[in-house]
Every structure is written in C-alpha cells, then in structure tokens.
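First the structure, in the form of structure tokens, and then the observations on it.
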Amino acid sequence: MTNHCKSISETYVIQKGFKIYNFRKCLDYLENQGKINYGNSFQINETDHPTIYKLLIYMIQDDRAALNLKIDLSKGILISGAIGCGKTSLMNLVRPFAYQNFDYKIKTCREVSFEFAKNGFEAINCYTLKQSNQSKLTGYCFDDLGAEQQIKHFGNDCNVMAEVLISRYEQFVENKSVTHITTNLSASEIENNYGNRLRSRMRAMFNLITFDKETKDKR
C-alpha cells in the first residue's frame, strides 16, 4: 500500500453537498498517520480491512452502509481483539473521521482507576455527570478494559469501570450519550470481572467489532 493521502480532505469528494469517501484512500490516510504517530513499522494488513471499514462507516455515520452491516449508529463501539492488534491505535487514528458531535476523548481504564484511588468518587464525576451546559455526556473511549485492577480508596472496594459504565448506560438511555471501549477480554471474561448486570447493559450500549484472530501486531 502506498501512502498518498496526507489529509482527510483527500479521502473524499463532495457530491450534491455530501462527502463520498473512497475506502482505499481512507486506508492510505490511516496508514500514513499511523507511521507518523507510531513509527515507520506501523502497517495495516488486508485482514484488518473489514474491521476498519466498519469503524469508518460508524464514524462517518453512513446510514445505508451501517444498516447493511447491522451497525446501530446510536450505540457506541466495543472493539475487541488480541493484545497488539491495533485497537487503541486505530481508535486514535479514525477519530478525525468522527461525524460532527460524535467526537470522543481516549482515556485508559487504568488512568480512571488511579484517579479514583487518589481522589475517590469525585474523580469519576467528569465521566458520569453532565456539565450544566451539556445535553449529554462528553464522548469517551475507555481503553483496555480489564487492564485496571479493583482499586481501594480509603478502604472502600469499588469496581471503578463498572460504576463508570453503569452510570454512562443511564445517560445513554436518557439522552444517547455515547461510550466506546477497547478490550482484549471475551464476553465471559467481562461477565466474570464486572458482573452479569453490566454485561447486559453493555449489549444495549455497544456495537461489537472484533479483530480477526490472524491480525498481526501493528508495530
């Protein structure tokens, strides 16, 4: 693959007021940005193309293609795959494609847990409560669910990410606040770590996108 596209504007043309994206050019752009951000050894393999296509369709909010792929554009993304397959890097790289108000920040689950350990429940309010000028929560991608450990704050046990995700589920129901997750956990491991209640809510909150088992390390 040759890397010709250095800006998002090179990945689409405008027809009748709509952006029409060229998937091959999107791949060129993503690989080019990957090399800039993660080193020259970064590469996108052909086995990744279906996964990336789904991510891009979601980001640009293409209704027709999403329907064909059975992707619910009102939900978030739960992207799973083996360690090193590129979950985090791709969620960073596709961000510029995010449609209008669907932008998101990326925060590791370990960071959230450490913030809780240091400052208690106030530390996670920014992930679970709206500001006075917000109609819905700030979009977040919580990276590497399962890498954090159950953290104690002054002796109080708390499964921090379970608390964050259940709170964000309530906001999802109320106002369609969107959350994304990356993880290498299986569905059964998520249930074991966080409980059946959260797993049930996650089914309602997320579109599951899974990397192919043959996906190679991106770096």
Side-chain angles (χ1 to χ4, degrees), residues 51 54-67 69-81 87-117 119-148 151 153 158-185 187 190-191 193-210:
T51 301
K54 291 176 184 177
L55 284 174
L56 289 172
I57 290 303
Y58 177 88
M59 293 299 163
I60 66 175
Q61 296 283 288
D62 185 324
D63 292 354
R64 182 177 297 177
L67 183 63
L69 293 168
K70 297 182 180 179
I71 294 174
D72 187 335
L73 296 179
S74 69
K75 297 182 179 182
I77 295 292
L78 193 162
I79 183 166
S80 68
K87 301 181 295 294
T88 304
S89 55
L90 284 175
M91 286 302 288
N92 271 296
L93 293 172
V94 299
R95 272 188 67 196
F97 289 92
Y99 182 78
Q100 294 182 353
N101 297 325
F102 284 81
D103 192 17
Y104 52 91
K105 300 178 181 180
I106 296 180
K107 191 81 171 181
T108 70
C109 295
R110 283 175 58 82
E111 287 178 312
V112 176
S113 294
F114 287 141
E115 289 171 2
F116 172 83
N119 299 312
F121 282 95
E122 287 189 8
I124 61 176
N125 286 346
C126 61
Y127 310 117
T128 61
L129 299 177
K130 292 182 299 183
Q131 300 297 317
S132 59
N133 62 339
Q134 290 182 305
S135 60
K136 58 184 179 180
L137 294 174
T138 300
Y140 270 96
C141 174
F142 294 108
D143 184 36
D144 210 4
L145 182 71
E148 82 288 354
I151 301 297
H153 175 70
C158 178
N159 195 323
V160 178
M161 289 311 303
E163 290 293 331
V164 169
L165 292 174
I166 287 173
S167 294
R168 291 185 69 92
Y169 167 78
E170 293 168 354
Q171 292 294 315
F172 166 74
V173 172
E174 180 180 322
N175 52 52
K176 293 300 181 183
S177 293
V178 173
T179 306
H180 307 301
I181 287 176
T182 75
T183 187
N184 62 357
L185 298 180
I190 289 174
E191 184 169 342
N193 288 2
Y194 301 97
N196 183 61
R197 179 167 175 253
L198 178 59
R199 184 183 173 187
S200 174
R201 281 152 179 70
M202 289 175 71
R203 290 192 190 100
M205 288 174 71
F206 298 111
N207 297 283
L208 176 61
I209 296 179
T210 306

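Below, all heavy atoms of this structure are taken into account, side chains as well, without hydrogens, waters or symmetry copies.
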Aromatic ring pairing Y169/F172, orientation class (parallel under 30°, perpendicular over 60°, tilted between): tilted
T182 and D143: side chain donor to acceptor below 3.5 Å: yes
Donor + acceptor pair across side chains of N159, E163 (<3.5 Å): no
Interatomic spacing from [atom1] in [X] to [atom2] in [Y] - rounded to 0.5 Å:
X	Y	atom1	atom2	answer
F206	L165	CZ	CG	5.5 Å
S177	Q134	OG	CD	8.0 Å
I77	M59	CD1	CE	6.0 Å
M205	H180	CE	NE2	10.0 Å
L55	K87	CG	NZ	12.0 Å
F142	T108	CZ	OG1	10.0 Å

Under the 3.5 angstrom rule, does the side chain of [X] hit a backbone N or O of [Y] as a donor-acceptor pair?
X	Y	answer
Q61	Y58	yes
R95	Y104	yes
Y99	D62	no
N184	G81	no
S113	C109	yes
R168	Y127	yes

Given side chains that start at C-beta, do those of [X] and [Y] come closer than 4.5 Å, heavy atoms only?
X	Y	value
D144	R110	no
N207	K54	no
V112	E148	no
L145	M202	yes

Smallest separation among heavy atoms of [X] and [Y], with atom names:
X	Y	answer
F102	L73	CE2-O, 4.0 Å
K176	S74	NZ-OG, 4.1 Å
R199	A187	NH2-CB, 3.3 Å
I166	R197	CD1-NH1, 3.2 Å
I57	A65	CD1-CB, 3.6 Å
N193	L185	ND2-CD1, 3.7 Å

More than 12 heavy atoms from other groups under 6.0 Å of CG on N101: no
Other residues, nucleotides, ligands: >12 heavy atoms within 6.0 Å of K136 NZ: yes
Derivation of the side-chain contact (heavy atoms from CB on, under 4.5 Å) call for N175 and K130: CA-CA 11 Å; N175 52 52; K130 292 182 299 183; 3.8 Å; yes
